Asks: 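Got a structure here, written out as structure tokens. Questions coming.
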Amino acid sequence: MSWPETTRRAAEGSLEFGGVLAVELAREFGTPLYVFDEETLRTRARRIRDAFLRAYGQSRLVYAGKAYLSPALMRILVEEGIGLDVVSGGEIYAGLLAGVDPSQMIFHGNNKSRAELEEAVAAGVGLVAIDNDLEITLLESVAENSGRNVEVVLRLNPGVDVHTHHKMRTGATDSKFGFPVWDGQAEEAASRICRSTRLALVGYHAHVGSQIFDPTLVARTIDVIMEFAGHMHRRWGAIPNVVIPGGGFGVADDASGADVPIEEWARVAALAIERGCLQHGLPPPDLVVEPGRAIIGPAGVALYSVGSRKTVPGVRTYVSVDGGMADNIRPALYGARYAAALANRNPAGEPLETVTIAGKYCESGDVLIDNASLPELDAGDLLAVPMAGAYCLAMASNYNLSPRPAVVIVADGRARLIRRRETYDDLLRSDVFESPDHARFDERRLSAKKGSL
Ligand SMILES: Cc1ncc(COP(=O)(O)O)c(C=O)c1O
């Protein structure tokens, strides 16, 4: 299980991240609280960037913002020279706010709207990953209207079936992403783009899934891409300047697994590209990788306060915390496994018990951790859940009209608030509604607000 690199057990017994005690964080910002460790974020980004540069000099790293796109965290990645993979107009907006150079953005998505394509072209987004026929029509028209030429990569469905959760598979035969390479659809799309006066086909993309622990699958994916690139070169003279085998680097998110070795992944990817170039007579393209989870996942920890406890005799003991599926839906959605540690006092020497850590939301499936082995928890104890940086807050909701948590970055003994906890007003600010009794509503609203503190 990957904790932030600065995690320590302080002499007082509390866990500490970035030199800040978990108990202090909870006292100052409340719980649930998401804590991101700046050192871990920078170290992981650098490690991946440098591993690929060592293996293949023409490598670039872009961060898959869908894992969690906070302008403050992205700013740190910009400082590390990392670009951004975006998948919506909102992500383009947040990336620009963070200071990402738009030429370093890649715009993905299987159903980009015309408005989003207009936003991307107006912003000068570097690459659009074309995913479907409608998009070619829309983007050509947007480019024509704005008088700009747009560089695109074609998203291929390579038919590579990775052994991961079926909801994290994107390159198997049955996928909503990309053009199948085996039945002529990809070729037809590429030829349409090659004939376009506004769109320039500069390369190919295939992301086959997330949580991939076998790097040879990336080699197979690149083989398919290079085979297709070779064919398109012979047919249309199209030279790929860029090959993007996506992200998906496996990261341990339970108590036992281990991260996929990035060096091995980079080596295998580089070999596959070199082999493909040789085989198909192509010049070496840029290799762009777009990990999300492997960069941000281990940098984040969720802090929860323990509340109620309920034992169903002969079945299990539920210990409930003050968050759950509204801030981390992954256990319910993917069966993702998490671990937890007591954060406010040192459990060393205490006997362990097996409990189910349940969330507070009104769903039986709102369980964060099944069969957690922990010391006996009391109401008010703090629980820290590592590997909470990726796809937790990014998928967070206001289910049960719950305010989403605050987020802080910790570094060098200081915590910086980068997202305040939502208020009840935030929850309803988009509702269009005239209260029948303004005065009484305002009174009640004030007392409700107090209740949220
Ligand atoms: C196109 C693309 N690139 C990169 C990623 C990042 O995947 P991961 O966070 O597993 O590295 C995804 C995730 O869905 C994706 O769809």
Side-chain angles (χ1 to χ4, degrees), residues 2 41 44-45 47-49 51-52 60-69 73-74 77 82-88 91-92 95 104-112 125-132 135 152-158 160 162-172 175-179 203-215 217-218 221-222 225 242-253 257 259-262 265-266 269 287-300 329-330 333-334 336 387-395:
S2 291
L41 188 62
R44 292 191 69 90
R47 206 179 287 153
I48 298 173
R49 182 193 64 196
F52 275 90
R60 269 189 295 131
L61 178 59
V62 299
Y63 167 63
K66 68 209 71 171
Y68 180 47
L69 190 49
L73 291 167
M74 190 60 219
L77 296 177
I82 288 162
L84 179 64
D85 147 3
V86 290
V87 77
S88 68
E91 289 190 358
I92 295 174
Q104 299 305 310
M105 285 190 198
I106 305 173
F107 187 18
H108 287 290
N110 67 304
N111 193 24
K112 305 171 188 80
V125 162
L127 283 176
V128 176
I130 297 276
D131 184 282
N132 57 74
E135 195 179 327
V152 304
V153 290
L154 192 68
R155 178 155 186 171
L156 304 175
N157 176 346
V160 174
V162 296
H163 299 287
T164 186
H165 192 284
H166 69 278
K167 289 181 186 161
M168 293 192 217
R169 248 183 258 154
T170 54
S175 170
K176 70 170 181 169
F177 296 105
F179 293 91
Y204 305 100
H205 172 280
H207 167 85
V208 289
S210 279
Q211 285 297 64
I212 299 171
F213 290 88
D214 176 5
L217 290 169
V218 78
T221 304
I222 292 175
I225 295 178
V242 51
V243 165
I244 314 175
F249 310 167
V251 186
D253 68 354
D259 291 9
V260 71
I262 294 297
W265 188 293
L287 166 64
V288 179
V289 285
E290 19 182 65
R293 182 192 325 271
I295 293 179
I296 203 131
I329 198 165
R330 297 194 67 256
L333 191 61
Y334 300 126
M387 272 303 297
Y391 302 105
C392 294
L393 290 174
M395 295 187 182

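Whatever order the structure lists ligands and atoms in, that order sets their numbers, starting from 1. When reading the values below, keep in mind they use all heavy atoms of this one structure, side chains included, and skip hydrogens, waters and symmetry mates. Just so it is clear, the model here is predicted, and its values are computed rather than measured.
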Asks: Numbering the atoms of ligand 1 from 1, which are under 4.0 Å from a heavy atom of Asp85?
Replies: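 Close to Asp85: 2 (C), 3 (N), 4 (C).
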
Asks: Any Lys/Arg nitrogen of Asp259 or Arg44 sitting under 4.0 Å from an Asp/Glu carboxylate oxygen of the other?
Replies: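 Looking at Arg44 together with Asp259, the answer is yes, because their closest N to O distance falls below 4.0 Å.
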
Asks: Does any N/O atom on Glu290 come nearer than 3.5 Å to any N/O atom on ligand 1?
Replies: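 In this structure, Glu290 places an N or O atom under 3.5 Å from an N or O of ligand 1.
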
Asks: Using a 4.0 Å cut-off to any heavy atom of Pro291, which atoms of ligand 1 qualify?
Replies: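 In order of number, 11 (O).
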
Asks: Considering only NZ, NE, NH1 and NH2 on the basic side and carboxylate oxygens on the acidic side, decide whether Asp131 and Lys112 come within less than 4.0 Å.
Replies: no

Asks: Any atoms of ligand 1 less than 4.0 Å from a non-hydrogen atom of Tyr391? List them with their elements.
Replies: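 Close to Tyr391: 6 (C), 7 (O), 8 (P), 9 (O), 13 (C).
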
Asks: Glu290: what forms a side-chain hydrogen bond (donor to acceptor under 3.5 Å, both in side chains) with it, not counting sequence neighbours?
Replies: His108, His205

Asks: Atoms of ligand 1 less than 4.0 Å from Gly247 heavy atoms?
Replies: 4 (C), 11 (O)

Asks: Any N or O of Gly246 that comes nearer than 3.5 Å to an N or O of ligand 1?
Replies: no

Asks: Can you check whether Arg155 has an N/O within less than 3.5 Å of an N/O in ligand 1?
Replies: no

Asks: Mind listing the closest non-hydrogen atom pair of Phe52 and Ile262 along with its distance?
Replies: CE1-CG2, 4.1 Å

Asks: Got an N/O contact under 3.5 Å between His108 and ligand 1?
Replies: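 For ligand 1, there is no N or O atom that lies under 3.5 Å from one belonging to His108.
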
Asks: Determine, using heavy atoms of Phe177 and all atoms of ligand 1, whether some pair is separated by less than 4.0 Å.
Replies: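 No heavy atom of Phe177 comes that close to ligand 1.
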
Asks: Going by the rule salt bridge (Lys or Arg N to Asp or Glu O under 4.0 Å), which residues pair with Arg60 if we only count those two or more places apart in sequence or in a different chain?
Replies: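 Salt bridge (Lys or Arg N to Asp or Glu O under 4.0 Å) list for Arg60, sorted by chain: empty.
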
Asks: Can you sort out which atoms of ligand 1 are near His205, meaning under 4.0 Å from one of its heavy atoms?
Replies: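 Result: 1 (C).
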
Asks: Of the non-hydrogen atoms in Pro298 and Ser2, which two are nearest, and what is the gap between them?
Replies: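 In terms of heavy atoms, the two residues are closest at CB-CB, 3.7 Å.
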
Asks: Given Leu77 and Leu41, is the side-chain contact (heavy atoms from CB on, under 4.5 Å) satisfied, shown in steps?
Replies: CA-CA 8 Å; Leu77 296 177; Leu41 188 62; 4.0 Å; yes

Asks: With respect to Gln211, determine whether any N or O atom, backbone or side chain, lies less than 3.5 Å from an N or O atom of ligand 1.
Replies: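 In this structure, Gln211 places no N or O atom under 3.5 Å from an N or O of ligand 1.
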
Asks: One residue to check: Arg293. Relative to ligand 1, which of side chain, backbone, both or neither has a non-hydrogen atom less than 4.0 Å away?
Replies: both

Asks: Considering the heavy atoms of Gly248, write down every atom of ligand 1 situated less than 4.0 Å from one of them.
Replies: 7 (O), 8 (P), 10 (O), 11 (O)

Asks: Check the pair Ile225 / Leu156 against side-chain contact (heavy atoms from CB on, under 4.5 Å), numbers first and verdict last.
Replies: CA-CA 8 Å; Ile225 295 178; Leu156 304 175; 4.3 Å; yes

Asks: Please report whether ligand 1 has a polar contact with Gly292, defined as an N or O pair separated by less than 3.5 Å (distance criterion only).
Replies: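 Gly292 vs ligand 1: N/O contact under 3.5 Å present.
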
Asks: How long is the span from the CG atom in Leu127 to the CD1 atom in Ile130, to the nearest 0.5 Å?
Replies: 10.5 Å

Asks: For Ile295, which of Tyr63, Tyr68, Phe249 qualifies under side-chain contact (heavy atoms from CB on, under 4.5 Å)?
Replies: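 Among Tyr63, Tyr68, Phe249, the one meeting side-chain contact (heavy atoms from CB on, under 4.5 Å) with Ile295 is Tyr63.
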
Asks: Give the atoms of ligand 1, by number and element, whose distance to some non-hydrogen atom of Ala64 is under 4.0 Å.
Replies: 4 (C), 5 (C), 6 (C)

